[in-house]
Amino acid sequence: MQKAMMNIDPGRNIPMDRFLSDLEPFINLDTPTADLAACRNAAAFLAARLEKAGLFVTQHSCGADGRPLLTAVSPSAECSEAQPVRAEGLAEKSYDFLLVGHFDTVFPTGTAAQRPFRLDTAEGRVYGPGTVDMKAGVLMMIYLAEYLTAVHPEIRLCLLLDCDEETGSADSAPFLMEYGEKSRCAFVFEGARKAGQFVSQRKGCRKYEIEITGVASHAGTAPRQGASAIVEMARWITALDKLKHYDRGTSVNIGLVQGGTALNVVPDRCTAKVEVRYTDEKEILRIERAIARLSRKPSVENTRAHVTCLSDMPPLRLSPETSMLMDQMKAYGEEYRSEIGSGLLDPVDFVSAGGLSDANRLAACGIPVIDGCGPGGGFPHSEKEFLSLDSLQKRYRLLTGLLPYLYRQMKE
């Protein structure tokens with residue numbers, strides 16, 4: 001018992017009252033991705049909190065609209081940025097750990113006023129828009145950096161916070177790549193899975209817009225002179241739907257369809273937006289070959305198809321380097337749980353996920369990436385969204401010991 005108590009020192013428990021006092025105003029800030037003024041306001045709030053944690057903060061402007069993105073580095077990283085440290089067998093790296101999060105949400109402006117931060121002490125939960133996806137994770141990153149900077153100042157940290165993750169991080173992608181390539185490994189603080197697992201793999205996602213053009217005509221007096229874009233699109237929809245292959249991890253969703261101008265007019269235009277999720281690159285090539293065949297051979301005469309790739313997020317695959325990092329995390333978790341008791345810490349385990357995150361963008365950097373590092377909860381993107389305070393405490397307790405452990409492994 002004495003040994004266990006030595007491991008659970010006050011610094012390894014998150015200061016819950018202080019954390020909640022920081023979280024409440026953060027939750028009560030509206031941060032929809034499209035509202036740049038709101039995102040800039042939230043960036044200023046976070047920059048002040050990061051500086052209070054003793055980090056060196058830089059605000060960047062992303063994309064044509066100047067979307068805010070924050071990076072914050074520990075004092076040791078600030079000192080070494082000009083002269084990155086070369087690890088044996090590795091390229092020069094400025095940071096030991098890159099911690100990544102986003103502060104945009106899917107909820108429109110006004111949602112925070114309608115259902116603000118609410119603490120339910122009986123349930124051990126916090127309710128409000130963006131609690132688990134992922135404002136609590138962002139704030140936990142800051143508390144974790146604050147602890148590590150004070151207790152383990154030798155660890156070179158970089159925190160990156162963006163505000164367009166909910167729409168694919170298109171503006172933030174160059175910064176994610178730049179800082180990912182400067183780091184030895186990355187941890188993304190999306191919410192933990194239901195049983196506290198981390199995420200080691202994510203599907204890729206490619207989005208398309210299909211536009212069919214035909215010939216308009218009066219549906220009553222001259223139907224033969226028309227060429228229906230909607231009828232041709234119907235053929236596309238049924239053909240694309242048949243391409244899904246769940247056993248291979250491939251899904252095809254035709255999510256939006258628009259066409260036609262009036263009931264008595266043969267429609268000359270129809271558009272559809274399609275999302276393909278996949279794990280195997282061969283699958284996306286199979287889908288694109290099918291799209292090419294459909295384009296070459298329309299079934300409705302005098303119609304044409306034009307296909308545009310709207311976005312492409314690569315899969316987060318399980319690399320040998322990530323597998324090695326996972327093994328180290330599991331070894332630490334088993335050792336630590338045996339010391340402090342299983343009730344104080346969840347097992348270190350990993351799952352694959354179908355959703356997207358900034359981890360997909362970081363996958364191309366060729367470094368180990370672990371996702372789902374934030375605290376858990378439930379019902380993200382809904383009015384029932386909540387944060388589990390028990391999960392918050394367990395995750396913080398784990399990571400305050402895990403990152404120094406991994407740092408020592410890097411040095412050996």
Side-chain angles (χ1 to χ4, degrees), residues 33 100-102 104-107 130-134 137 162 164-170 172-173 176 186-209 237 240-256 272-288 290-291 309-319 322-323 326 346 348-365 368-382 384-386 388 391 395:
T33 312
V100 177
H102 70 88
D104 59 320
T105 69
V106 299
F107 302 104
T131 48
V132 73
D133 187 19
M134 57 171 289
D162 62 51
D164 61 343
E165 190 274 345
E166 294 293 0
T167 55
S169 305
S172 301
L176 288 161
F187 295 90
V188 180
F189 280 71
E190 295 285 349
R193 303 295 97 172
K194 288 184 179 180
Q197 304 102 321
F198 294 89
V199 174
S200 57
Q201 300 180 77
R202 286 188 181 272
K203 289 185 179 182
C205 180
R206 194 167 292 186
K207 299 178 182 180
Y208 302 92
E209 182 177 64
I237 290 171
L240 290 172
D241 185 65
K242 291 178 181 177
L243 295 173
K244 61 181 181 286
H245 200 307
Y246 295 141
D247 290 343
R248 297 177 186 170
T250 305
S251 61
V252 180
N253 183 56
I254 301 93
L256 293 169
K273 290 186 178 179
V274 181
E275 181 185 86
V276 180
R277 304 230 176 182
Y278 66 99
T279 56
D280 188 340
E281 194 70 30
K282 294 178 182 177
E283 283 293 283
I284 201 67
L285 295 176
R286 178 177 68 86
I287 300 290
E288 296 213 326
I291 289 173
C309 181
L310 299 175
S311 65
D312 183 24
M313 290 274 277
L316 174 65
R317 294 191 177 92
L318 189 59
S319 68
T322 298
S323 294
M326 290 164 59
D346 289 326
V348 175
D349 201 4
F350 302 86
V351 296
S352 300
L356 304 173
S357 82
D358 286 329
N360 292 75
R361 297 288 186 187
L362 291 165
C365 298
V369 180
I370 301 295
D371 200 351
C373 298
F379 302 108
H381 294 196
S382 82
K384 297 189 291 183
E385 182 176 6
F386 72 88
S388 164
S391 172
R395 193 60 114 205

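Nothing here was measured: the structure is a model prediction, and the numbers come from that model.
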*How about Thr250 and Arg286: do any of their side-chain heavy atoms sit closer than 4.5 Å?*
yes
*How long is the span from the CG atom in Leu243 to the CD1 atom in Ile287, to the nearest 0.5 Å?*
4.5 Å
*Quick one: CZ on Phe379 to OG1 on Thr131, what's the gap to the nearest 0.5 Å?*
11.5 Å
*Can you name the closest pair of heavy atoms from Gly377 and Val132 and give their distance?*
N-CG2, 3.6 Å
*Would you indicate whether the side-chain heavy atoms of Phe350 and Gln197 approach each other to under 4.5 Å?*
no
_Validation row: Met134, His102 side chains within 4.5 angstrom (heavy atoms)_ = yes
*asked:* Just verifying a value: how many Å separate Asn253 CG and Asp241 CG, rounded to the nearest 0.5 Å?
replied: 9.0 Å
*asked:* Testing the basics here: between Leu318 and Met326, what is the closest heavy-atom pair and its distance to 0.1 Å?
replied: CD1-SD, 3.3 Å
*Lys207 and Val274: side chain to side chain contact (heavy atoms under 4.5 Å, CB included), yes or no, with the steps?*
CA-CA 6 Å; Lys207 299 178 182 180; Val274 181; over 6 Å; no
_Evaluation steps, side chain to side chain contact (heavy atoms under 4.5 Å, CB included), between Leu310 and Lys273_ = CA-CA 9 Å; Leu310 299 175; Lys273 290 186 178 179; 4.3 Å; yes
*Quick one: does Glu283's side chain have a donor or acceptor within less than 3.5 Å of a partner on Glu281's backbone?*
no
*Going by heavy atoms in the side chains, are Val188 and Ile370 under 4.5 Å from each other?*
no
*Spell out, as yes or no, whether a donor-acceptor pair under 3.5 Å connects the side chain of Glu385 to the backbone of Gly130.*
yes
_Flag side-chain contact, heavy atom, 4.5 Å: Arg395 against Phe189_ = no
*State, with a plain yes or no, whether a side-chain heavy atom of Thr279 is found less than 4.5 Å away from one of Pro315.*
no
*With distance as the sole test, does Ser391 use its side chain to make a donor-acceptor pair with the main-chain N or O of Gly376 at under 3.5 Å?*
yes
*Indicate yes or no: at least one non-hydrogen side-chain atom of His381 is less than 4.5 angstrom from one of Asp133.*
yes
*Rounded to the nearest 0.5 Å, how far does OG of Ser251 lie from OH of Tyr278?*
11.5 Å
*Would you check, one step at a time, whether the test side chain to side chain contact (heavy atoms under 4.5 Å, CB included) holds for Glu288 with Tyr208?*
CA-CA 10 Å; Glu288 296 213 326; Tyr208 302 92; 2.6 Å; yes
*Kindly indicate, with the supporting measurements, whether the criterion side chain to side chain contact (heavy atoms under 4.5 Å, CB included) is fulfilled by Val348 and Phe198.*
CA-CA 7 Å; Val348 175; Phe198 294 89; 4.2 Å; yes
Please output the side-chain donor-acceptor pairs of residues 351-363 that fall under 3.5 Å, not counting sequence neighbours, one pair per line with the distance.
residue : atom : partner : partner atom : Å
Ser352  : OG   : Gln201  : NE2          : 3.3
Ser357  : OG   : Arg202  : NE           : 3.2
Ser357  : OG   : Ala359  : N            : 3.0
Ser357  : OG   : Asp371  : OD2          : 2.6
Asp358  : OD1  : Ser169  : OG           : 2.5
Asn360  : OD1  : Ser357  : N            : 3.1
Asn360  : ND2  : Lys203  : O            : 2.8
Asn360  : ND2  : Pro314  : O            : 2.8
Arg361  : NE   : Gly168  : O            : 3.1
Arg361  : NH2  : Gly168  : O            : 2.7

_Does this structure show an ion pair linking Glu275 with Arg277, if we count only N-O contacts that are shorter than 4.0 Å?_
yes
*Does some side-chain heavy atom of Arg206 sit less than 4.5 Å from a side-chain heavy atom of Cys309?*
yes
_Shortest non-hydrogen contact between Ile254 and Ala272, atoms and distance_ = CG2-CB, 4.3 Å
